[in-house]
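To find a chain, count down the sequence lines: A is the first, B the second, and so on, and within it residues start at 1.
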2 protein chains.
Amino acid sequence: MVKHSSAALDRVFHALADPTRRAMLQRIAGGDCSVSDLAQPFNMSLAAVSKHITVLESAGLLRRKKEGRTSWCSLEPKGLRAAEAWLRYYEKFWNTRLDALESILKKSKMTKGGRRHGKSPTGK
Amino acid sequence: MVKHSSAALDRVFHALADPTRRAMLQRIAGGDCSVSDLAQPFNMSLAAVSKHITVLESAGLLRRKKEGRTSWCSLEPKGLRAAEAWLRYYEKFWNTRLDALESILKKSKMTKGGRRHGKSPTGK
DNA sequence: TTTATATATAACCATATGGTTAAACATTCG
DNA sequence: CGAATGTTTAACCATATGGTTATATATAAA
């Protein structure tokens, strides 16, 4: 059994659910940067940026390290790994269900069309 | 360039950020079920459950199909694929950055320790 | 045709979220 | 020291979220 810590996943997915935060991760993926570097592309106060960073940090997606008076942000893999693990785990079921669905659809189409081996009447 | 539709990802990650909704997906992964089936494990009104289902549905994670007076819920792969694509895309950067970070850390440890080839003083 | 069943919607409420501005820190520069 | 810089925290605000109960809708059963 794979253990998926609920609260941790809550934080990760919630952190990823915001376009600003995803853009920040994208930026930081290009290299570590300071808080003001991160803020630069956004039309928003530094205070707001700092809060977004806190969200990413507590989700385990970002690490903040103070150096002098500037904070350097870098990627932290823990959160992403958690999210990926969850998705991969469920993808298995998804695919199983998809296969089942597919065969059900195929059967229902044949039944609806009234013929077992014919091609699609509409071509659609 | 991979296109990641922002609003769609917002919806998917937001849908996944709630433990009740993730549990619902888990349940449905075991097989299609009605709304009351889905509601059964939760200590919450059917109205609340219905709203959660709507969230999952608009995120492209679940499909609802009315049959008589009962609604049948099944997994919809679209949303999950979107989330996975995003994560996989960024994992690449994550790993690159991780490699970079690792070598930086290695170097900084050597520098801090004051010797170029020595072993860690603390062992930690 | 009434009544029961299965869901959905409406109206409402407390709390969380994402933003603001102003003030507080801590560090570097003159 | 005093002032500038980079960031964080505090107080506040509008809106979103996740829940409730009550009502509406549609189908099935009696």
Can you check the [X] [atom1] to [N] [atom2] distance for me, whole Å?
| X | N | atom1 | atom2 | value |
| --- | --- | --- | --- | --- |
| A:Phe42 | C:dT20 | CZ | P | 13 Å |
| B:Asp10 | C:dT17 | CG | P | 15 Å |
| A:Leu16 | C:dG18 | CG | P | 12 Å |
| B:Asp18 | D:dT17 | CG | P | 12 Å |
| A:Arg11 | C:dA16 | CZ | C1' | 15 Å |
| B:Gln40 | C:dT5 | CD | C1' | 17 Å |
| A:Asp37 | D:dT5 | CG | P | 16 Å |
| B:Leu46 | D:dA24 | CG | C1' | 15 Å |

Below 4.0 Å: OP1/OP2 of [N] and any side-chain N or O of [X]:
| X | N | result |
| --- | --- | --- |
| A:Thr20 | C:dG18 | no |
| A:Ser50 | D:dT8 | yes |
| A:His52 | D:dT8 | no |
| A:Arg64 | D:dT8 | yes |
| B:Arg69 | D:dA29 | no |
| B:Ser45 | D:dG19 | no |

Comparing A:Glu67 and B:Thr54 on DNA chain C - which has the more 5′ nearest nucleotide: B:Thr54
Ion pair check, A:Arg27 and A:Asp37, cut-off under 4.0 Å: no
Ion pair check, A:Lys65 and A:Asp32, cut-off under 4.0 Å: no
5′-ward residue of the pair A:Thr70/B:Ala48 relative to DNA chain D: A:Thr70
Nearest-nucleotide 5' precedence on DNA chain D, A:Ser71 against A:Lys51: A:Ser71
Interatomic distance, B:Ile53 atom CD1 to B:Arg63 atom CZ [nearest 0.5 angstrom]: 15.0 Å
Interatomic distance, B:Leu75 atom CG to B:Ile28 atom CD1 [nearest 0.5 angstrom]: 5.0 Å
With A:Glu57, the salt bridge (charged side-chain N to carboxylate O under 4.0 Å, His left out) member among A:Arg21, A:Arg64, A:Arg11: A:Arg64
